[in-house]
Each structure stands twice: as structure tokens, then as C-alpha cells.
There are 2 protein chains.
Amino acid sequence: MAATESVRAGGRGLRADALRNRQRLVAAARQIFEEQGLDAPLDEVAERAGVGAGTLYRRFPTRAELVEAAFEDELRRVTAIAEEALRCEDPWTGFSTYVERLCGAMAADRGLSDLFTVRLPNSQVASALCDRQSAALAKLVRRAQEAGALRADFVPEDVFLFLLANAGVAQVTRCAAPHAWRRLVAFLLASCGPDHTEPLPAAPTPLQTERALLGNAETKGLGSCPGEGAGPNRA
Amino acid sequence: MAATESVRAGGRGLRADALRNRQRLVAAARQIFEEQGLDAPLDEVAERAGVGAGTLYRRFPTRAELVEAAFEDELRRVTAIAEEALRCEDPWTGFSTYVERLCGAMAADRGLSDLFTVRLPNSQVASALCDRQSAALAKLVRRAQEAGALRADFVPEDVFLFLLANAGVAQVTRCAAPHAWRRLVAFLLASCGPDHTEPLPAAPTPLQTERALLGNAETKGLGSCPGEGAGPNRA
DNA sequence: TAGCAACCGGACGACCTTCTCCGGTTACCG
DNA sequence: CGGTAACCGGAGAAGGTCGTCCGGTTGCTA
């Protein structure tokens, strides 16, 4: 059982060829997801990895597990963005570079973009990173507000709104106008200054945010409830 | 031949039962597209219309034709928004209500939202409306800028960016937080004032905008080139 | 009202994606 | 070096959507 655990968490304890194939699969998935989004055909992943479909499904029984493995590093890198931003001296620079870098990462990677509009079900790694990210973000916002650089009615969930907006632009313009998202983000950041007095409509609550993410998990072929009616096809 | 023309443009000249079924199909498509987006299964449209699949495909050989018929009225209504906004006395109010109403219409209707991220191929109706819309928008922007209410570096294509951003938010939050888009639009409008001096990154050019729209037509099952490799399935 | 042409709709074949099964192969350990 | 257990990967079933075909039906017209 301890062996089984270690197998699932990263591939240690696998036979040499199995481990090699696992790594190939993760690398291929990383590429395919980046290009096509999280709902890309899994057969294509297997093919690019030079591996049979059976091997893929044995190693990663669900799409969610493959996604988690493929984005483990990338998620860690994204989390680091928040913490680097916190180390920035100027509170406004910290906040704005955080938003910019996050949006940039999402614009460059369709899979990552999908990941931020979906709560990965049953992923402890993702949840932990998400919590760290939230904590850092809250500090980032509070600090900028205390410095008088960020409007007082800004809430951390607004960054979530910004990310969704950015994803919407990036998804359509990625090929034809790869820098369009930059202009959107510039608009958004320009509206975050302290000198805006018009009241804003209510922000989504954390509960609403959570539910929005969960609701979209099904769309991408990531079932939300693991044991739930696992029909062979949900495309 | 003249008869054939009139058949295609609205259904005049059809037998009574055929016309009735056509209307049912359009109404059903309107509902389904609103709920599920433009890539909804067509069989479902036929079912809701109480009609066989054969009837649907005979009347509307391609998805694009059905989409065009289903959204003809709605598109006309959307175009009216721009012209109403032009009749508004205050230039800023005209501009901002235009953006708000447009975004609101898209947030309420997934199909309409899709329509704005896709250039409907070979649709004269849509193209004509789009041209009218563009003309009205250009006036709206110029007028607001001349009144000093809108930042000078704003270009009409920015509204396109806003729409994409709004669509991104609406798509994810539609169920869980149906008013989230309002807050995003408020942020965006707040960044449009004349007192923003930070330079913006370059806007997408009209050509890039066009190509972004065309590129997405395939995603929604609307082939861009009519005669092109019409494999029976592209889902 | 009768005959014909147009229309209806279910059934069907093609294609795609997901996921499983099993015979052949290969790595590991003694 | 040999036996065994784990692994590989192709074949294929299940389920879904698209688009077509054809026998039966129905509206229109004379």
C-alpha cells in the first residue's frame, strides 16, 4: 500500500520502462494541453508519447490525473509568481506585475488557461497551491490598498474576474493577435487606481467563485464526482 | 430560380407544413443555442422542434444556415442598440450604455456570445449588420472622444476586446454568479476615462480582428470554406 | 375529390473519442 | 542466466454526433 502510494505520487517504484513511459506521457500531455486545451483527445497524447492508448489509461485512469501530473511543475511556477510579487518593494508594482505575469502565463498556454477556469477535482496538489496563491493574493491586495495605490473596493476575487476576462481574449486572439491580451490587462489595471469613485457592482462571493469553477469541470471532461455515473463517454 | 431564392430567404414559398416546421426549427434552435452555445448537437434542436433529423438537415444543410436563421431577429435587435446609443444626447452615456447593453445581451445568451467571437461565413445578413454596427460604433467612439469623455487612444477594436473579455467571464460565471459580468464591465468602463495617461499596448488591427474571428469559426463547427473537405464529422 | 409532388422522419452508415482486454514482450531479481 | 511478474500496445466495444436515404404521408391543385 505504501508502494502503491508512491507509485501514484510521481512514479517512484515503477519499473524502469514504465517510468520512462510515464515521463514521456507527461511531457506529451504538457505539449498537447498547451496547444489544444484540457479537452484535447487523449489518443493524441499517447501517440505523441510513442505509446499505446492502453499504457496511457493504465498509468492515468482519469483525465484529471493526467492533467494534474502534466501541470504540477507549471502550477508551482505560477504560485511562485505571487510570492515573487510579494517580495517586490513597491506595493503597486507588486500587484500589477502579478496580474500581468499571471495573465501572460495563461495567454501563452491554453491548458493553463483552462486550469484556471476549472477546479481540479480531488487534487491535493492543486488545492494546496491554490490556497497558497489565495493567501499571497490577499496580502498583495491589502498591501496595495494600504499604500493607497489600489482602489478600496477591490477584492481578491476581482483578480479571478480579470483572469476569466483575459482567458476569453486570449482564447480567440491567441493566433491572430498574440498581444491583444496585454492591452486588455492594461485597461483593467488602469481601472484599479484609487481615484475611481464610481461604485462597482457587487463582486462574486467566494462561494460563487467556487461554484463557477466546479460547474465547468464537467465541460472539460473532468468529472467532478469521482464515483459518479462514469459512462464510458462524456465528450 | 426566383422561387428557390425566396425559399432560402425566410421560408416564403414553402408548403404550409414545411413552413410550420421551419418556424419550429428556428424557434427550437434559438432556445438551444441560447442555452448551450452554437456548438450544441443539432439532433437536440430537431427533437425540441418535434421534427425528424432529416427535416432539419433538408431545411438547413449546414449549421451556419441554421444559426443565421435563428439569430436574424436577435442580431437586428443588437444592431439597434448601437443606433439607439447614437441618439443619446450625452456622448459618454451613449458610449457606456452601448457597451453595457451589448455585454448584457451576450451574458444572457450563450449563442449570441459565440456569434461575436466568430465570423459567420457567407452570411450576407450578418455581414451587413456587422457593417452597420461598425459604422455606428466608430461614430460613438469619435463623438465621445471629441467631447473629452473617452481617452484619446481608445479605438473601436477595443470594444471587440471588451466583448471577448465579457464573454470569457460570462461563460464561466453564468450560472454561479450571473451578475459578475457587470462588475467586469464597470472596471473596463472606468479605464476608459480621458484622465489615463499610461500608454496602452497596441490594439489589435482590423485585419487581426478579422482573422481572429475567422479562425474560431471552425471550432464551433461552422466551416469557413463551404466546399472544403467536408468530412462528415468535425465535433 | 383524386392524383401528384413535396415533404416527413426514422433508420442507418461514417467517423470520432473514450476506455478495456489480452496475448506477446521485457525488465528485474535471485 | 532463467523464471516470473509487471508492462506494452494494438484491437475493439460502447457511446455519441453528423449527415443521408428512402418508404410512407400529406398538402396542394385541378
Side-chain angles (χ1 to χ4, degrees), chain A residues 3-4 6-8 11-25 28-29 32-33 36-67 218-223 226 229-235, chain B residues 3-4 6-7 11-25 28-29 32 36-67 218-223 226-235:
Chain A
T4 306
S6 77
V7 164
R8 296 198 64 246
R12 290 169 300 279
L14 290 177
R15 228 171 68 176
D17 53 346
L19 184 61
R20 191 169 48 242
N21 279 337
R22 203 197 112 99
Q23 289 167 342
R24 278 187 184 176
L25 279 168
I32 299 272
F33 287 149
Q36 306 185 23
L38 295 188
D39 46 0
L42 293 188
D43 284 5
E44 209 162 327
V45 173
E47 190 189 355
R48 186 169 306 193
V51 147
T55 305
L56 189 161
Y57 285 99
R58 191 174 333 100
R59 203 57 63 211
F60 302 101
T62 71
R63 183 184 291 266
E65 287 175 66
L66 178 59
V67 168
E218 292 150 18
T219 313
K220 294 291 174 184
L222 311 161
N233 194 336
R234 238 163 308 150
Chain B
T4 306
S6 76
V7 165
R12 289 169 301 279
L14 289 178
R15 225 171 69 175
D17 53 345
L19 184 60
R20 193 168 47 242
N21 279 338
R22 203 197 111 99
Q23 289 166 341
R24 278 188 186 176
L25 280 168
I32 299 272
Q36 306 184 24
L38 295 188
D39 46 0
L42 293 189
D43 286 4
E44 208 162 329
V45 173
E47 190 189 354
R48 184 168 308 192
V51 147
T55 305
L56 190 160
Y57 285 100
R58 188 170 341 96
R59 202 57 63 211
F60 302 102
T62 70
R63 182 185 292 266
E65 288 176 65
L66 178 59
V67 168
E218 292 151 16
T219 313
K220 295 290 171 185
L222 310 162
E228 163 234 354
N233 194 338
R234 241 163 305 151

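Sequence lines set the chain letters: A, B, ... in the order given, protein chains first and strands last, and positions in each chain run from 1.
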Nearest-Å distance for atom pair OH/C1', residues Y57(B) and dG13(C): 14 Å
task: In whole angstrom, give the distance that lies between atom CG of L42(B) and atom P of dC18(D).
output: 5 Å
query: Heavy atoms, side chains only, cut-off 4.5 Å: are R48(B) and I32(B) in contact?
result: yes
statement: Closest non-hydrogen atoms of P41(B) and Q36(B), given as atom of the first, atom of the second and distance, are CD-OE1, 3.8 Å
message: So which atom in A18(A) and which in R59(A) form the shortest heavy-atom distance, rounded to 0.1 Å?
response: CB-NH2, 3.5 Å
message: Take a 6.0 Å sphere around CD of E44(A) and say whether it holds more than 12 heavy atoms from other residues, nucleotides or ligands.
response: yes
query: To the nearest angstrom, how far is L19(B) atom CG from dA6(C) atom C1'?
result: 14 Å
message: Assuming nearest nucleotide by heavy-atom distance, tell me which of A16(B) and G54(B) is located more 5' along DNA chain D.
response: G54(B)
field: Length of the CZ-C1' vector between R58(A) and dT18(C), whole Å
entry: 16 Å
- prompt: Given atom CG of D39(B) and atom P of dC16(C), what is their separation to the nearest angstrom?
  reply: 18 Å
- request: Would you indicate what D17(A) reaches in the nucleic acid, counting non-hydrogen atoms under 4.0 angstrom: base, sugar-phosphate, or nothing?
  value: sugar-phosphate
field: Spacing of D43(A) atom CG relative to dG10(D) atom P, expressed in whole Å
entry: 11 Å
message: On DNA chain C, compare the nucleotides closest to A40(A) and A53(B); which residue's is nearer the 5' end?
response: A53(B)
query: With nearest nucleotides of DNA chain D determined for A18(A) and E44(B) from heavy-atom distances, which residue corresponds to the more 5′ nucleotide?
result: A18(A)
- request: Mind calculating the distance between CG (N21(A)) and C1' (dG10(D)) to the nearest angstrom?
  value: 15 Å
query: Looking only at side-chain N and O atoms, does R59(B) come under 4.0 Å of OP1 or OP2 in dC8(C)?
result: yes
- request: May I have the distance from R63(A) (atom CZ) to dT17(C) (atom P), rounded to whole angstrom?
  value: 11 Å
